[in-house]
Amino acid sequence: MRAPKKYGAVIRELRCLPEQTSPDFPQAIRAAIERLPEPEETLREILELSRLEPSTRFCALYGLLLRIRREERHTDYEQTVARYAKQFSREPYFVTFLAIIERNRGDVASLRKAVEYSRRATVDMPNVAGVVHQLAAFMAEYLERRSTPPTKNEIAEAEQCADKAIISSNGQVAHYHETKARILALRRDFDSARVSLTRAIELEPRDGRDHHRRLTQYHTTRIRIDLLEQQARWDEMQESGRRELAEFKNQQLQLMGLLAAVVALIAAGGSIASQSKPADGVALIQVMAGSVVIVFSAFSLMTARSLWRVLVSFLAGVALIVIPHLIGR
């Protein structure tokens with residue numbers, strides 16, 4: 001057949017790729033696809049060569065889907081996966097294709113399914129950095145989009161996956177650091193997030209086909225980090241305002257209770273003073289006045305900025321109470 005001869009060199013290269021479960025497979029097939037002048041046409045024709053071994057045809061499918069995803073042709077991606085599902089559904093990477101389909105739909109429920117598919121893939125290929133990173137990236141996106149705030153355990157799981165992918169790739173894959181930056185932003189560690197993002201920008205290959213697309217993505221992430229930091233500041237200010245308002249309400253309630261007690265004290269003291277001798281009534285009124293001043297001085301300790309004023313008021317109240325007794329003696 002003419003087709004095998006035409007694509008003989010490509011087929012031989014696909015056959016020489018590492019095993020799918022090898023940590024080197026994702027980067028090796030990406031490098032092979034990068035060298036093709038017309039990758040999509042070539043890979044589609046290789047896929048239709050039914051006489052080829054399934055492993056080689058699956059590598060062609062992987063490369064084709066990689067190309068389609070890079071161009072964000074989501075419908076074409078889903079249709080291609082569905083077309084070859086019966087032939088390749090048992091391949092280890094096939095579940096990652098299903099995760100990408102769910103992620104491409106964009107809604108939160110689909111993102112949750114994408115995370116579950118990615119978890120299944122990490123069980124089968126726990127040492128493949130690309131698979132582990134996919135789980136970290138989809139978790140980050142799901143936690144960003146979800147209405148409820150992420151829990152500490154969810155952030156820890158995503159960060160652990162990102163760190164594992166970075167370590168497995170010797171820290172040389174740029175967009176792994178960008179995913180780590182997004183997770184750090186969710187944890188509100190914004191300074192560390194910017195450091196990781198700067199590392200991603202520095203590592204991004206200048207001669208790669210994805211260079212400009214990746215840079216756009218990184219700058220979008222930088223804006224997201226800035227927005228999350230601003231939102232965190234607003235949340236902190238709002239929470240501080242709530243606390244101050246709650247404290248003010250409590251103080252007002254305490255003041256109202258204090259005023260009620262003072263009114264009752266004055267009423268009772270006035271009633272007693274009216275039935276006493278004038279001198280005794282004046283002394284009683286002075287004692288009540290001193291007691292009121294002391295009570296208000298003690299209450300003002302909660303809010304007063306000048307302790308000297310409180311102290312002066314307190315001493316004045318004590319004097320009003322003590323002087324009648326001294327004069328009486």
Side-chain angles (χ1 to χ4, degrees), residues 1-101 103-104 117-118 121 124-125 127-134 137 165 168-170 172-176 203-215 217:
M1 294 178 64
R2 295 178 61 187
K5 292 181 180 179
K6 181 179 179 182
Y7 301 116
V10 180
I11 292 172
R12 285 193 296 271
E13 188 169 8
L14 294 178
R15 284 172 175 167
C16 293
L17 290 172
E19 293 291 333
Q20 286 187 46
T21 54
S22 169
D24 299 325
F25 176 79
Q27 297 302 322
I29 193 170
R30 279 172 170 79
I33 300 306
E34 288 287 337
R35 291 191 290 268
L36 297 178
E38 296 180 359
E40 186 169 344
E41 179 183 352
T42 301
L43 295 171
R44 285 190 185 275
E45 292 201 27
I46 292 175
L47 259 173
E48 296 304 320
L49 299 176
S50 58
R51 294 172 61 182
L52 283 178
E53 58 273 15
S55 60
T56 303
R57 294 177 61 236
F58 179 79
C59 289
L61 174 63
Y62 186 105
L64 175 61
L65 291 174
L66 183 66
R67 179 73 177 180
I68 295 172
R69 185 187 180 191
R70 177 179 292 163
E71 297 176 357
E72 297 188 1
R73 292 150 50 192
H74 302 329
T75 302
D76 194 6
Y77 189 100
E78 185 171 355
Q79 290 175 350
T80 302
V81 172
R83 179 178 179 181
Y84 296 100
K86 290 183 180 180
Q87 301 178 50
F88 301 113
S89 61
R90 294 188 178 182
E91 298 289 342
Y93 269 100
F94 194 82
V95 69
T96 66
F97 303 158
L98 300 178
I100 292 170
I101 289 173
R103 181 263 177 188
N104 290 343
Y117 278 129
S118 298
D124 296 331
M125 295 177 285
N127 298 319
V128 180
V131 174
V132 177
H133 169 261
Q134 178 175 286
S168 300
S169 60
N170 297 319
Q172 295 304 307
V173 181
H175 61 282
Y176 292 2
L203 287 173
E204 188 61 38
R206 302 298 186 266
D207 55 350
R209 293 184 180 182
D210 289 339
H211 178 64
H212 295 293
R213 182 174 67 88
R214 294 285 191 194
L215 285 184
Q217 178 181 336

Compare all side-chain heavy atoms of [X] with those of [Y] and state whether any distance is below 4.5 angstrom.
{"X": "L65", "Y": "Y93", "value": "no"}
{"X": "V173", "Y": "Q27", "value": "yes"}
{"X": "F58", "Y": "E53", "value": "no"}
{"X": "N127", "Y": "T21", "value": "no"}
{"X": "I11", "Y": "R15", "value": "yes"}
{"X": "R103", "Y": "Q134", "value": "no"}
{"X": "V131", "Y": "D124", "value": "no"}

Once rounded to the nearest 0.5 Å, what's the spacing between atom [atom1] of [X] and atom [atom2] of [Y]?
{"X": "M125", "Y": "S22", "atom1": "CE", "atom2": "OG", "result": "11.5 Å"}
{"X": "D24", "Y": "S168", "atom1": "CG", "atom2": "OG", "result": "11.0 Å"}
{"X": "R73", "Y": "N104", "atom1": "CZ", "atom2": "CG", "result": "12.5 Å"}
{"X": "R12", "Y": "L14", "atom1": "CZ", "atom2": "CG", "result": "11.0 Å"}
{"X": "H175", "Y": "R214", "atom1": "NE2", "atom2": "CZ", "result": "4.5 Å"}
{"X": "R57", "Y": "Q87", "atom1": "CZ", "atom2": "CD", "result": "4.5 Å"}

(Q) Name the residue from R83, R44, R69, R67 that meets the salt bridge (Lys or Arg N to Asp or Glu O under 4.0 Å) definition with D76. (A) R44
Taking all atoms of both residues into account, what is the closest heavy-atom pair of [X] and [Y], and its distance?
{"X": "Y117", "Y": "A99", "value": "CB-CB, 3.5 Å"}
{"X": "L64", "Y": "L43", "value": "N-CD1, 3.4 Å"}
{"X": "A129", "Y": "A165", "value": "O-CB, 3.6 Å"}
{"X": "Y176", "Y": "S169", "value": "CD2-OG, 3.5 Å"}
{"X": "C59", "Y": "L17", "value": "SG-CD1, 4.0 Å"}
{"X": "A60", "Y": "L47", "value": "CB-CG, 4.2 Å"}

Q. Is it true that F25 and Y62 have ring centroids separated by less than 6.0 Å?
A. yes
Q: Count the heavy atoms of every other residue, nucleotide or ligand shown that sit under 6.0 Å from CD of E19, and state whether that count exceeds 12.
A: no
Q) Any idea how F94 and F97 line up, ring-wise: parallel (<30°), tilted (30 to 60°), or perpendicular (>60°)? A) perpendicular
